Amino acid sequence: MTVQSITDPEPLYEDHLSALNARMARALKTSEKRGVLISSGSLKQAFLDDHTYPFKVNPHFKAWLPVVDVPDSFLLIIPGSKPALFYNQPLDYWHKPPADPEGFWTQHWDIQTIRSTQEMHNLIGDTHDLTFIGEETQVATRVGIGSVNDKRILDALHFDRAYKTPYELGCLQRANDRAARGHLAARRAFSEGRSEFEIQQAFLAAIRGREKDAPYSGIIALNEHCAILHYQHYETRPPAEIRSMLIDAGATSNGYAADVTRTYAFRQGVFADLINALDIQQQAIIEDIQPGMNYIDLHRRMHLRLAEVLREFGLVDMSPSSMVESNLTSTFLPHGLGHLLGLQTHDVAGFVQNREGVILPAPDQFPALRLTRPIEESQVFTIEPGLYFIPMLLDELRSQSTASDVNWPKVDTLLPFGGIRIEDNIAIQNAAPINLTRQAFAKQDDE
């Protein structure tokens, strides 16, 4: 695996803005608009209640600046001009308004405080040649913008988002560093016999964040729960016997997400050996990565590697190629190998092949695959193979012609462990894969 130092993001921010300006100028040519107004988003009130859901900023907003908790703020981007931020600081004694903007990024923006949408409109003036990006389409109507979420513009911007600037790579490395600290704290809590809830609290304390600050709801799964791909609960008491833990939990930096998964066995044995075997194959598939190869091909190669593990451990008596051709490996790995990563955990445009928005869907054999693009320089994506013992899928397999090739007694002994997933975040730099996640864990080991 190539080791490469990822530069701190702050000194690279100005170049990042220049790159985004160039992308926006190219995208706007499809609509002949002069500029774009981007909404940060608004708070959403719960149905029949007086509180709001946790705020999630529009990813198009946080692409431009590391500000993620400013509802009802706006960016005015006119390529060739200094970008403007209309920063909402409402007069409010019930809640704490956003603090004054500060940090490395502020010198690059024309920042104006607003108290309302009307103030923003008054500052902008004529809006007839602007387009709007955001969920709050009523705002566009209110300020006289008729072009809203133009598909041609969004297709171009989403396609380009797969190519990370050096600033973005720095943010993604820092997010991985933060996630690694949380994972190590969670592992310690697991080794102490803690409950799912207590392990989650250990993770959050280590990353110094609340659940709403994480890029997604973390998964802390013990024992059979490891076989539930998107397990969504935290048991408050540990099970009578602890066998395994799967933790899928991330962190953010400047609005960019890390998405990291590890699996642990509580004691040595066959399941611990399976984890080690899958980890070896996960690292090997990362070494296989070459620019120009399609991610679909990488996914197929991983199924062959998984088949080798199944045969090596005596779980299935069949050639690896036959296991893949018969789709037997999908019983043990029903999800895709990975997805694009960046401003969102499952970042946009995984199926988009060009700026015009042409789609290449997932192949019929692997419908859960989230990424079908060629692998190229500056992309960042996850590599997350799994090996699960999911009762529902195993029951389906028992009725198929290949069932006789499965060592069911051995499979049944592994059901109580649930399953395995190992996930790293990979950047393509200088035509080689850079493992942001392993570098983050290595830093923790050095401290």
Side-chain angles (χ1 to χ4, degrees), residues 1-9 12 159-180 183 248 250-251 253 256-263 276-306 308-309 333 335-347 349-350 353 366 369-386 420-445:
M1 173 58 56
T2 302
V3 176
Q4 178 170 312
S5 176
I6 301 295
T7 307
D8 289 340
L12 305 169
F159 179 80
D160 284 338
R161 249 169 64 182
Y163 307 106
K164 302 300 186 287
T165 66
Y167 164 81
E168 292 177 300
L169 288 173
C171 293
L172 286 161
Q173 181 64 75
R174 281 191 178 174
N176 271 269
D177 295 346
R178 191 179 177 197
H183 273 255
D248 185 341
S253 177
Y256 289 84
D259 184 5
V260 178
T261 308
R262 290 293 184 269
T263 308
N276 291 333
L278 188 66
D279 186 71
I280 290 170
Q281 295 294 353
Q282 193 250 16
Q283 294 301 288
I285 199 69
I286 293 171
E287 292 287 355
D288 283 348
I289 294 172
Q290 294 181 4
M293 101 176 7
N294 192 288
Y295 198 89
I296 298 172
D297 297 329
L298 199 67
H299 180 85
R300 287 197 179 98
R301 290 190 187 195
M302 189 63 234
H303 272 263
L304 286 168
R305 290 185 174 278
L306 174 64
E308 292 281 4
V309 174
L333 176 54
H335 62 70
L337 180 59
H339 50 80
L340 291 176
L341 180 71
L343 292 163
Q344 294 170 277
T345 308
H346 296 153
D347 218 351
Q353 305 299 300
F366 306 118
L369 187 58
R370 298 178 184 267
L371 182 53
T372 62
R373 288 174 67 158
I375 293 171
E376 297 179 86
E377 185 75 10
S378 300
Q379 289 180 345
V380 176
F381 46 79
T382 65
I383 295 292
E384 49 183 301
I420 304 164
R421 182 162 66 251
I422 301 169
E423 178 180 20
D424 290 341
N425 303 167
I426 307 301
I428 305 301
Q429 287 287 285
N430 300 319
I434 309 299
N435 195 321
L436 305 178
T437 306
R438 302 278 170 158
Q439 292 189 168
F441 278 104
K443 290 179 186 177
Q444 303 304 313
D445 292 339

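Keep in mind that what you see is a predicted model, and the values were worked out from it rather than measured. Any value given below was found using the heavy atoms of this structure, including those in side chains, with hydrogens, waters and symmetry copies removed.
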**Message:** Can you confirm whether Asn435 sits close enough to Pro433 that some side-chain heavy atom of one is under 4.5 Å from a side-chain heavy atom of the other?
**Reply:** no

**Complete:** d(Gln173 CD, Arg178 CZ) to nearest 0.5 Å is 14.5 Å

**Prompt:** Taking only residues two or more places apart in sequence, or in another chain, which ones meet Arg301 in a side chain to side chain contact (heavy atoms under 4.5 Å, CB included)?
**Reply:** Ile285, Asp288, Met293

**Fill in**
dist Asp424:CG -> Leu341:CG (nearest 0.5 Å) comes out at 11.5 Å

**Complete:** So CG of Leu369 and CG of Leu337: to nearest 0.5 Å the spacing works out to 7.5 Å

**Request:** Identify, with sequence neighbours excluded, every residue that meets side chain to side chain contact (heavy atoms under 4.5 Å, CB included) alongside Asn294.
**Result:** Ile296, Asp297, Leu360, Pro374

**Asked** Counting N and O atoms only, with roles assigned by atom type, does the side chain of Thr165 sit under 3.5 Å from a partner on the main chain of Glu168, one being a donor and the other an acceptor?
**Response** yes

**Request:** Please report the shortest heavy-atom distance between Ala175 and Ala257, naming the atom on each side.
**Result:** CB-C, 4.1 Å

**Message:** Strictly distance-based, threshold 3.5 Å: is any side-chain N or O of Gln379 a donor or acceptor partner for the main-chain N or O of Ile428?
**Reply:** no

**Asked** With sequence neighbours left out, what residues match Glu376 under side chain to side chain donor-acceptor pair (under 3.5 Å)?
**Response** Tyr163

**Asked** Counting only N and O atoms by type, is there a donor-acceptor contact under 3.5 Å from the side chain of Gln281 to the main-chain atoms of Leu306?
**Response** no

**Prompt:** Got a sec, which residues hit ring-ring contact (aromatic ring centres under 6.0 Å, His included) with Phe366, two or more places apart in sequence or on another chain?
**Reply:** His299, His303

**Request:** Kindly indicate whether the side chain of Arg174, heavy atoms from C-beta on, has any atom under 4.5 Å from the side chain of Tyr256.
**Result:** no

**Request:** Applying side chain to side chain donor-acceptor pair (under 3.5 Å), name anything that partners Arg161, two or more places apart in sequence or on another chain.
**Result:** Gln344, Asp347

**Item:** Nearest-0.5 Å distance that lies between atom CG in Leu172 and atom CG in Leu436
**Value:** 6.5 Å

**Fill in**
Contacts of Glu308 meeting salt bridge (charged side-chain N to carboxylate O under 4.0 Å, His left out) (sequence neighbours excluded), chain-then-number -> Arg311

**Request:** Mind checking salt bridge (charged side-chain N to carboxylate O under 4.0 Å, His left out) for Arg373 and listing every partner two or more places apart, or none if nothing turns up?
**Result:** none

**Request:** Using the test salt bridge (charged side-chain N to carboxylate O under 4.0 Å, His left out), find all partners of Asp160 that sit at least two apart in sequence or belong to another chain.
**Result:** Arg26, Arg355

**Item:** Nearest heavy atoms of Phe441 and Val260, plus distance in Å
**Value:** CE1-CG1, 4.1 Å

**Message:** Using every non-hydrogen atom in the two residues, find where Pro385 and His335 come nearest and quote the distance to one decimal.
**Reply:** C-CE1, 4.5 Å

**Request:** Could you pull out the closest heavy-atom pair between Thr382 and Gly338, with the gap in Å?
**Result:** OG1-CA, 3.2 Å

**Fill in**
In Arg438, Arg262, Arg421, the residue satisfying salt bridge (charged side-chain N to carboxylate O under 4.0 Å, His left out) with Asp279 is Arg438

**Request:** Identify, with sequence neighbours excluded, every residue that meets side chain to side chain contact (heavy atoms under 4.5 Å, CB included) alongside His346.
**Result:** His339, Arg370

**Prompt:** When rounded to the nearest 0.5 angstrom, what distance separates CD in Gln290 from CG in Leu298?
**Reply:** 10.0 Å

**Asked** Can you name the side chain to side chain donor-acceptor pair (under 3.5 Å) partners of Thr437, sequence neighbours left out?
**Response** Asn176

**Any residue meeting side chain to side chain donor-acceptor pair (under 3.5 Å) with Thr261, in chain and number order, not counting sequence neighbours** = Asp248, Glu423

**Message:** Would the distance check show the side chain of Lys164 and the main-chain N or O of Gly170 forming a donor-acceptor pair, the cut-off being under 3.5 Å?
**Reply:** no

**Prompt:** How would you list, by chain and number, every residue that makes a ring-ring contact (aromatic ring centres under 6.0 Å, His included) with Tyr167, sequence neighbours excluded?
**Reply:** Tyr13, His16

**Request:** Please lay out, stage by stage, how Ile383 and Ile289 fare under the test side-chain contact (heavy atoms from CB on, under 4.5 Å).
**Result:** CA-CA 10 Å; Ile383 295 292; Ile289 294 172; 4.2 Å; yes

**Asked** If every non-hydrogen atom of Leu169 is compared with every non-hydrogen atom of Ala427, which pair is closest and at what distance?
**Response** CD2-CB, 3.8 Å

**Request:** Look only at the side chain of Glu377 and the backbone of Ala431, and say whether a donor-acceptor pair between them is shorter than 3.5 Å.
**Result:** yes

**Fill in**
dist Ile280:CD1 -> Ile422:CD1 (nearest 0.5 Å) comes out at 9.5 Å

**Prompt:** Is the side chain of Asn425 donor-acceptor paired with the backbone N or O of Asp259 at a distance under 3.5 Å, no angle test?
**Reply:** yes

